[in-house]
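Below is one structure, written out as structure tokens; comments come after it.
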Amino acid sequence: NASLDQSWWGGGQGSILASSAITTATASQNQRAQPPSGSNQANNTTSTNAKQLMQLMDSLNRLGNENAQLMREVEKAKAARAEAEAAKQVMAQFKSDYNQRFNKVKEALEKYKHASGDNPVGNSA
């Protein structure tokens, strides 16, 4: 699974695979197009195909790297959203706990106020 992650993220096995594909394709092009001695046209075609193959592999590598960067950004955004949601839940729990405690203190104050008739503290409120 680690090699899959590396190739997905643009490193490790992916670049090795790309370079081996280039080597294999170039070797097969050279074997197929063995020009007769003095044939410049076959040489030019092989050279052009090799250049195009190199450009395609370079584009593939660049796209893989860009994809990897975008995937990292998506992962960071997901983590940020999860963190924000967790903070939201913590704040909601705090609010609930605070309201419960406030109501208990309020009830206790009301009981104390009604229980003590001439208490200056109870009369000042």
Side-chain angles (χ1 to χ4, degrees):
N1 197 8
S3 64
L4 177 63
D5 289 340
Q6 285 179 343
S7 66
W8 180 255
W9 292 103
Q13 297 288 329
S15 57
I16 293 170
L17 180 63
S19 72
S20 72
I22 291 171
T23 305
T24 304
T26 304
S28 69
Q29 282 289 335
N30 287 338
Q31 286 176 355
R32 273 190 273 150
Q34 284 297 326
S37 55
S39 172
N40 265 348
Q41 186 178 6
N43 250 351
N44 288 341
T45 303
T46 302
S47 177
T48 303
N49 288 343
K51 286 179 186 176
Q52 287 176 345
L53 181 61
M54 293 297 283
Q55 289 173 345
L56 288 173
M57 294 307 289
D58 184 46
S59 296
L60 180 64
N61 189 28
R62 194 171 342 121
L63 288 173
N65 290 339
E66 289 174 6
N67 187 42
Q69 179 63 31
L70 290 172
M71 292 300 293
R72 283 190 285 273
E73 289 176 18
V74 165
E75 290 298 321
K76 286 179 185 177
K78 282 182 184 178
R81 278 193 294 273
E83 186 177 338
E85 185 61 33
K88 201 175 184 182
Q89 289 175 356
V90 167
M91 289 180 0
Q93 184 62 42
F94 173 80
K95 183 178 177 181
S96 174
D97 292 346
Y98 180 84
N99 283 334
Q100 287 176 353
R101 290 179 183 172
F102 179 77
N103 288 333
K104 285 181 184 178
V105 168
K106 190 175 177 181
E107 285 177 21
L109 183 61
E110 290 294 324
K111 284 182 185 177
Y112 179 76
K113 191 174 172 182
H114 291 297
S116 60
D118 290 334
N119 187 341
V121 173
N123 293 334
S124 67

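Sequential numbering from 1 along the given sequence is applied to the chain's residues.
With values rounded to the nearest 0.5 angstrom, Met54 atom CE is found 13.5 Å from Asn49 atom CG. The CG atom of Asn61 sits 12.5 Å away from atom CG of Leu56, with the distance rounded to the nearest 0.5 Å. Taken to the nearest 0.5 Å, the CG atom of Leu53 stands 12.0 Å off from the OG1 atom of Thr46.
Under the side-chain contact (heavy atoms from CB on, under 4.5 Å) criterion, Lys78 pairs with Val74, Glu75, Arg81, not counting sequence neighbours.
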Sequence neighbours left out, cut at 3.5 Å: what donor-acceptor pairs do the side chains of residues 98-108 make with other protein atoms?
unit_1 : atom_1 : unit_2 : atom_2 : d
Asn99  : ND2    : Lys95  : O      : 3.4
Asn103 : ND2    : Asn99  : O      : 3.2

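Sorted by first then second residue, the side chain to side chain donor-acceptor pair (under 3.5 Å) pairs that include residues 82-94, not counting sequence neighbours, are Gln93-Asp97.
Under a 3.5 Å cut-off, the side chain of Ser59 and the backbone N or O of Gln55 do form a donor-acceptor pair.
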